[in-house]
Protein chains: 2
Amino acid sequence: MVEKNGTTSAPAGRRVTLRDVARAAGVSHQTVSRAINSKGEIDPETQRRVLEVARQLRYRPSRFGRGLVRPDVVTIGLIVPDVVNPFYPEFIAGVIEAADGREWQVVVASTENDRARELALLRSLGQQVDALVGYVSHTDAELEPYVAGVPLVIVDRGLDSETYALVRVDTETGVRAGLGHLVERGHRHIGLIDCVTTGHPDVRRRTLLDLAHTHGLPVDEECIIVGEQSMAGGGRAFETLRAARPELTAVLAFNDLVAIGAFQAARRLGVAVPTECALVGHDGLSIGELLDPPLTTIHLDKRRIGELAVRQLDQLLVGELPRPEVLTPKLLVRGTT
Amino acid sequence: MVEKNGTTSAPAGRRVTLRDVARAAGVSHQTVSRAINSKGEIDPETQRRVLEVARQLRYRPSRFGRGLVRPDVVTIGLIVPDVVNPFYPEFIAGVIEAADGREWQVVVASTENDRARELALLRSLGQQVDALVGYVSHTDAELEPYVAGVPLVIVDRGLDSETYALVRVDTETGVRAGLGHLVERGHRHIGLIDCVTTGHPDVRRRTLLDLAHTHGLPVDEECIIVGEQSMAGGGRAFETLRAARPELTAVLAFNDLVAIGAFQAARRLGVAVPTECALVGHDGLSIGELLDPPLTTIHLDKRRIGELAVRQLDQLLVGELPRPEVLTPKLLVRGTT
DNA sequence: TTGTAAGCGTTATCAG
DNA sequence: CTGATAACGCTTACAA
């Protein structure tokens, strides 16, 4: 009963194919296909036997062979700067959920905040998927040679695009709401911890300066400090800012991570939040609720961004360039103002 | 110069193939292949022309066609219960990083803590990838029909396996360290907020009871409460526990999320942490640092779990069932004890 | 019910 | 440098 070693059972290094199974089972490869896919039209006994042989041979259908014949499974590549930064998991979840509803698959890749890696991923992933979605920092011109013809949805890049689909975030409106709220509460000496970003105009800075101008607030360049985009960076920036401008009664942070760093620095410095200094973050991360008092923040629906990005793909995949989707953050007043 | 519509330029619904480009460019499909892949062996001028035609026709190589001929790109499917739960992003990052080092791709999918979905994903994803890695709650027997022959690494399931590769977590040792620490600090009335888990023995409960027995601590069943595995659940459980057993001076929580909920409940109840009641979490989430005082916890290197899972695949993919990898958590004393 | 033939889109081989 | 021709592993007709 045992075949001569290597003849019909174990093909050398090659993977086991339908034909290998067919040979071993003494049927045509077509019959094996029927058995594997339970296509009816097959004798139950034959099917049982074939399946048994397939199992013994550890046969696994090739996704490539299948995909060639019936290319149904859409796969999208998702590129984020960092999987661990609490901003992105929610976004990723939104994408995965929306994709799942369409029975699409999502390949996730991280640039680790490395712009060169971003381009490399765009190219390599682009070859393996039907479309790309990503937080991308480069300009259209820079992207072109790497993205080539791959459908791409760019998320929250501060620039418009003629070539790629976009999900935009109306940061200015959000920031305006946050600052307006501070002004309403009577704050005049307002500071900003900003961060450098690629492919983004200085929305927070511009909005603050503009608002200061409108309301005649005593805000000058020294009230704005540029720090590293992290909790530690936020802490350092807050200390510096506080030393330079002790009269500030409120600070807007680039995002919640930075704000949390600032919050902790304030505690270290003995600065009471919000009484001595109010604090407003940006992004609406749920971890902001862990502070005491919880962080007031300009909240962005990150999950929805992911959904919208996938929705953009619906059109992109049939060859149409959709109009940008725009999301507007909402002020979420918690306890630090 | 413009071709008759539909003849050589825009093929009906079909995707544009190498041959379409070849026809339009007046060369053989093989020449197009060379042009696309910059294989040398081609006249620069011809290449330029072909590439131009390809661009116009919006030609994109098929990953299936390619994969068939040179099946190099390994793709692994990663199944997690929840992308947003702060435990998993770190694990995912570990997997992605390790995979990236091997130039593998990672398809991420979420069961949303739904056991039926877990099985469905195992089957559907399994058909599209070379191997699976996942937090999986079912037994081997339950998995068998869904996983079939797909190489699978099961992470932190409390059961052994003869069939699948494992990354185990030595929870007992971790819990023992956490409880031992409490005992050392003189705590005798120790409570536990436990949670129900599938495919897992009650490690925390058993370890606490065992330790209580050894040290003669006054710990009985009423000191152990089973709550929902979430911050809210942790909060409710703490309140109930506190009401039932006000004499408890320390509580071990199922994990950090639960611990944080308990921490906040304590604050609401006016119970001082750690002076009136010490608190130990589990998992070592970085958000535990945001509490004031920061959360003492039994820390698990989640990123490393991801790396180890991928390492298991190295052997699994060449047909060998590797020995389980075991990871031991380490006590991380911060401020709540 | 089963087998045969053709084709999916690509790359590799080998002549020209 | 270029072009036939033959795989790759699978499924869908269609014939037996």
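Below, chains carry the letters A, B, ... as their sequence lines are ordered, and counting in each starts from 1.
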### Task
For B:Gln30 and B:Ser28, test the side chains for any donor-to-acceptor distance below 3.5 angstrom and give the result as yes or no.
no

### Task
Could you verify whether a donor N or O on one side chain and an acceptor N or O on the other, from B:Thr75 and B:Gln128, lie under 3.5 Å apart?
no

### Message
Tell me whether A:Arg58 at atom CZ has more than 12 heavy atoms from other residues, nucleotides or ligands lying less than 6.0 Å away.
### Response
no

### Message
For B:Val106, run the side chain to side chain contact (heavy atoms under 4.5 Å, CB included) check against B:Ile92, B:Val74, B:Ile76 and tell me which one passes.
### Response
B:Ile76

### Message
Counting only heavy atoms and a strict 4.0 angstrom limit, can you tell me which residues of residues 61-69 of chain B come near DNA chain D?
### Response
B:Leu68, B:Val69

### Query
Got A:Val133 and A:Ile79 here, is their nearest side-chain heavy-atom distance under 4.5 Å?
no

### Task
Could you check how far CZ of B:Arg34 sits from C1' of C:dT13, rounded to whole Å?
10 Å

## Note on the structure
Whole-Å distance, A:Gln30 CD to D:dG9 C1', equals 13 Å

### Query
Please give, in whole Å, the distance from C:dG9 P to A:Arg70 CZ?
16 Å

### Query
Do the side-chain N and O atoms of A:Arg117 and A:Thr111 include a donor-acceptor pair separated by under 3.5 angstrom?
no

### Message
Is a donor from one side chain sitting under 3.5 angstrom from an acceptor on the other, for B:Glu118 and B:Ser137?
### Response
yes

### Distance-only donor-acceptor test (3.5 Å): side chain B:Arg19, base C:dT10
yes

## Note on the structure
Which of D:dC10, D:dT2, C:dG9 is nearest the side chain of B:Thr31? It is D:dT2

### Message
Could you check whether atom CD of B:Glu45 has more than 12 heavy atoms from other residues, nucleotides or ligands sitting under 6.0 Å from it?
### Response
yes

### Inter-end axis angle, the helix from C:dT1-D:dA16 to C:dG16-D:dC1, with every axis fitted to five base pairs (rounded, 10 degrees)
40°

#### Entry: A:Arg311 and A:Asp314 ion-paired at < 4.0 Å
no

### Task
Respond yes when some side-chain nitrogen or oxygen of B:Ser28 is under 4.0 Å from OP1 or OP2 of D:dG3, and no when none is.
yes

### Task
Write down the distance between CG (A:Leu18) and P (C:dG7), rounded to a whole number of angstrom.
19 Å

### Spacing of B:Gln128 atom CD relative to D:dG9 atom C1', expressed in whole Å
14 Å

### Presence of donor-acceptor pair under 3.5 Å, side chain of A:Arg60 and base of D:dG9
no

### Query
For A:Glu144 and A:Thr163, does a side-chain donor sit closer than 3.5 Å to a side-chain acceptor?
no

### Query
Between A:Ser33 and D:dT11, does any side-chain N or O lie under 4.0 Å from OP1 or OP2?
yes

### Message
What is the separation between atom CZ on B:Arg23 and atom P on C:dG9, rounded to the nearest whole Å?
### Response
11 Å

### Query
With distance as the sole criterion, do the side chain of A:His29 and the base of C:dT2 form a donor-acceptor contact below 3.5 Å?
no

### Message
Can you identify which nucleotide, out of C:dT11, D:dT2, D:dG9, has its nearest atom closest to the B:Thr46 side chain?
### Response
D:dT2

### Query
Rounded to whole angstroms, how far apart are CZ on B:Arg49 and C1' on D:dT2?
12 Å

### Query
How long is the line joining CG of B:Asn37 and P of C:dG9, in whole Å?
17 Å

